[in-house]
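Proteins come first, then strands; the chains are lettered A, B, ... in the order of their sequence lines, and each starts at number 1.
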Amino acid sequence: MPDLLDALNPAQKLVARTVSGPLLVVAGAGTGKTRTLVYRLAYLVARADVPPENMLAITFTTKAAEEMRQRITSLCHDGLDLSAMRIGTIHSLCYDILRSYGSNINLPADFTIISPPDRLSIIKNLVNTFPDESGSASPRKYGLHISNEKNALVSYEKTTPLCRAYQEMLERQNLLDFEDLIIKTLELFRTVPAITAELHSRFSHISVDEYQDINAAQYSLLRSLSSPLQNICAVGDADQAIYAFRGALVENFFNFQNDFPGAQVIYLEQNYRSTKTIISAAQQVIKHNKQRVEKELHATRTPGAAIEIWHVPDEIQEAAFVAREIERLLGGTRFETMSSEQEEYVRGFSDIAVLYRLHTQGRQLKKALQQKGIPVEVATTRLLYEEPEIKPVIDFLEVIQNPHNDLALAEILTASSSAIGPKTTEKLSLEAARKGCSLFNVLLDICFASEQPRHPGVRLKAFMDLLTGLIKQSSVISLDKLIREFWEQMFTAETDTHDKLLELITSAMPFCHGPAAKGIPAFLNKISLLKDGETFTTRGEAVTLMTVHGAKGLEFPVVFILGLEDGLFPYRLEQPGGLENDEEERRLFYVGMTRAKEKLYLLHAQNRFLFGERKKMTPSVFLNDIPPAFTNKQHKNPSRKNRKSPSKQMKLF
DNA sequence: CAGGAAGAAATTTTT
DNA sequence: TTTCTTCCTG
């Protein structure tokens, strides 16, 4: 009879067979940790007689939870049933705990989770109420600040008045934010030990994936949750700790053996994902990291193709290069027949990924590749209404809906850079407060005043002429026309219609019957939930474009990494010294470590962000006013360090 | 105007 | 943790 664990290597088997006591699995990238974890769970049930309902598997993302569930389902046959096992994110677990036991800490039974846009608007109000404290921080930024404070478990007494006001606001409305899910559960554990005990007996075996990414709050919760039996299995890789900026503490990973005395440590070092070339390149670099658990990844695959580093003069040629290479790899565009040169590991566009650090890079690249007939799918996390190009449009619609919406109007004004900027807006807002009327009325007054101050006045007048004109039109023309009209007036400098705008208009289609004024309220209500990219379902055969962060844990046969000079730098790498000054070599790590099966290109554009390509869509553009600072940049750009002769190719390893 | 210091922005998940 | 921007100094 074949053993359940036959498919595993010795180290993986060891993990699966460790039934009790604390266990730390130090798992390198591509070592099959999810698979191992799933086999372990199956083993616990099948061989160690742990009832599945006593098991809890915690993942970091819903996507990871879903993957684990699927793997478990496909593993379960021959009478093995793991469906009673609890698999999910720590947030979903807390949500359920609070639903069941929240009344013990006076949490109303009908609490709801605040939606991100609602949260943003609460914070927007508070930022205005506490101008001194927030300084010039945007509501969005301040929202992140609040999250970080809460994730770090900063006590209520020590937080700022704004944070406290925010918290009181939520409580008054029976709302919890995502951080509260953890914090309130901790509070519940502290206040009612009986519930903790009950959960201890419910979940005797706990597994935690991506342990290196947990923050202070999650750590406390996991500690409280782990039973006195301490059957806790933590899996992680310190070398993949890339979320420190949002409060993740790798220290938790290093401290595991202190936190759970007698913990066994098992290393998974057989990499099944990448070629030997990529792994050795990655190892060269990663071994210089300061804080890490020593481990040596062993390649199971052949050396594979060499890593190529290309230097291109600028990002336009960078895009052209990527397009050309993709065509070459696929043997011409999709309309041509496959040529003999087609490389066998690339079967289609979806086998190719292009990574970069910043989303802005993706947008530009998308345009460039699509123009060459290459289908692309851009992975974004941002909500459509949060995109910098779209934000002013939404604000505009809000002002159309209600011209006296001072927040939205101020937002539009503040977004412009030179003449109507934060300073002018602030003055105008103060004026409004003094007069006790809306910002809109103040603007009207200024525009109708006989003498106009030279500088902001002219622009304000132009702005108000446009705005009032469009408000009038909104009761006549349809929503899509109104948006287009606004866009064209606003961004005359833009010749081509923006992709994001098209997405917005597509999602507005259901609300485009009749005059815009009628459709706007319903549309605004809906837009807050739209994620960028969800309006067009381009699923399928397309090149994937995403940030390096977004690519964590994924794999593609061919990977292009853009922008070596723009921050594709391993976050946890030590300062220069370890590897002399070989920039490229050091920069290999991050990428090679986590992805790319066969072929990896690193692109180095010497002159990234050319004039005109990075232009922000602000009302100042609409006013035909190019800020002087922006014009100057053109001359500054060429003086960069580390210049290399263009289009020089070198092969490593 | 070169060069440095200091601050800001960027990477993102959770019902 | 890195890069970009802004402001200041000699």
Side-chain angles (χ1 to χ4, degrees), chain A residues 58-66 88-99 102 111-116 118-119 135-138 140-145 147-148 150-151 175-185 209-210 213-215 217-218 221 240-248 250 289-291 355-362 379-383 386 388 417 529 531-532 546-553 563-576 583 586-587 589-590 594 608-609 614 616 627-630 632-633 635-637 639-642:
Chain A
I58 292 174
T59 60
F60 207 66
T61 62
T62 44
K63 205 176 134 205
E66 193 46 47
T89 62
I90 198 162
H91 288 87
S92 73
L93 177 75
C94 289
Y95 182 84
D96 290 351
I97 292 175
L98 290 177
R99 277 264 173 263
F111 77 81
T112 42
I113 307 296
I114 189 168
S115 73
D118 287 351
R119 180 174 187 266
S136 55
S138 68
R140 198 175 141 70
K141 215 186 128 203
Y142 212 87
L144 289 173
H145 172 72
S147 296
N148 288 340
K150 291 173 95 169
N151 281 333
L175 293 167
L176 296 189
D177 62 17
F178 291 123
E179 290 74 29
D180 282 332
L181 287 173
I182 314 282
I183 292 172
K184 294 285 177 193
T185 309
D209 199 5
E210 307 284 12
D213 281 335
I214 62 172
N215 61 40
Q218 292 163 340
L221 195 97
Q240 291 182 71
I242 57 171
Y243 290 114
F245 68 90
R246 65 174 195 210
V250 220
N289 274 16
K290 267 182 208 155
Q291 275 190 302
L355 312 184
Y356 37 79
R357 186 165 168 255
L358 273 58
H359 285 297
T360 49
Q361 291 168 273
T380 39
T381 52
R382 232 190 275 200
L383 297 166
E386 283 174 337
S417 55
L529 298 171
K531 266 201 180 171
D532 173 24
M546 63 177 144
T547 62
V548 181
H549 271 82
K552 186 182 181 190
L564 288 178
E565 196 154 28
D566 283 313
L568 262 192
F569 215 85
Y571 283 173
R572 304 198 54 258
L573 203 63
E574 75 183 75
Q575 289 299 309
E583 299 286 293
R586 287 199 286 131
R587 285 165 188 200
F589 141 72
Y590 187 76
T594 46
R608 185 163 280 280
F609 296 128
R614 203 192 195 183
K616 278 188 187 149
F630 194 66
N632 294 340
K633 239 182 262 170
H635 307 292
K636 266 186 160 179
N637 247 349
S639 67
R640 292 199 105 152
K641 287 176 269 176
N642 296 331

What's A:Ile182 touching, base or sugar-phosphate or nothing? Going by heavy atoms closer than 4.0 Å. nothing
C:dC4 to B:dT11 separation - P atoms, rounded to the nearest Å: 14 Å
Measure NE2/A:His549 against P/C:dT2 and give the value in whole Å, please. 13 Å
Could you say whether A:Phe178 or A:Leu144 is positioned toward the 5' end of DNA chain B, judged by the nucleotide with the nearest heavy atom to each? A:Leu144
Those residues of residues 88-96 of chain A lying under 4.0 Å from DNA chain B by at least one heavy atom: A:Thr89, A:His91, A:Ser92, A:Tyr95
Could you check how far CZ of A:Phe245 sits from C1' of B:dT13, rounded to whole Å? 9 Å
Check the phosphate of B:dA8 against A:Lys141, side-chain N and O only, distance under 4.0 Å to OP1 or OP2. Yes or no? no
Could A:Asp213 and A:Lys552 be called an ion pair, given the rule that one side-chain N must be under 4.0 Å from one carboxylate O? yes
To the nearest Å, how far apart are A:Tyr356 OH and B:dT11 C1'? 12 Å
Using the side-chain hydrogen bond (donor to acceptor under 3.5 Å, both in side chains) criterion, which residues pair with A:Ser147? Sequence neighbours excluded. A:Arg119, A:Glu179
Between P on B:dA9 and CG on A:Asn148, what's the gap in Å once rounded to a whole number? 15 Å
Non-neighbouring partners of A:Thr62 that pass side-chain contact (heavy atoms from CB on, under 4.5 Å), sequence neighbours left out: A:Thr89
Could you state the interatomic distance from CD1 (A:Ile90) to CD1 (A:Ile58), rounded to the nearest 0.5 Å? 4.5 Å
Listed partners of A:Phe178 passing side-chain contact (heavy atoms from CB on, under 4.5 Å), at least two apart: A:His91, A:Ile113, A:Leu181
Could you tell me which residues satisfy side-chain hydrogen bond (donor to acceptor under 3.5 Å, both in side chains) with A:Arg99, sequence neighbours excluded, listed by chain and number? A:Tyr95
Nucleotide B:dT14, atom P - distance to CG of A:Asp213 in whole Å: 12 Å
Centroid under 5.5 Å and tilt under 30°, A:Tyr243 to B:dT12: no
For A:Thr112 and B:dT15, is the shortest distance between a side-chain N/O and OP1 or OP2 below 4.0 Å? no
Euclidean distance, atom CD1 of residue A:Ile58 to atom P of B:dT13 [Å, nearest integer]: 19 Å
Whole-Å gap separating P (B:dA8) and OH (A:Tyr142): 13 Å
Partners meeting side-chain hydrogen bond (donor to acceptor under 3.5 Å, both in side chains) with A:Asp96 (sequence neighbours left out): A:Arg86
Whole-Å distance, A:Glu210 CD to B:dT12 P, equals 15 Å
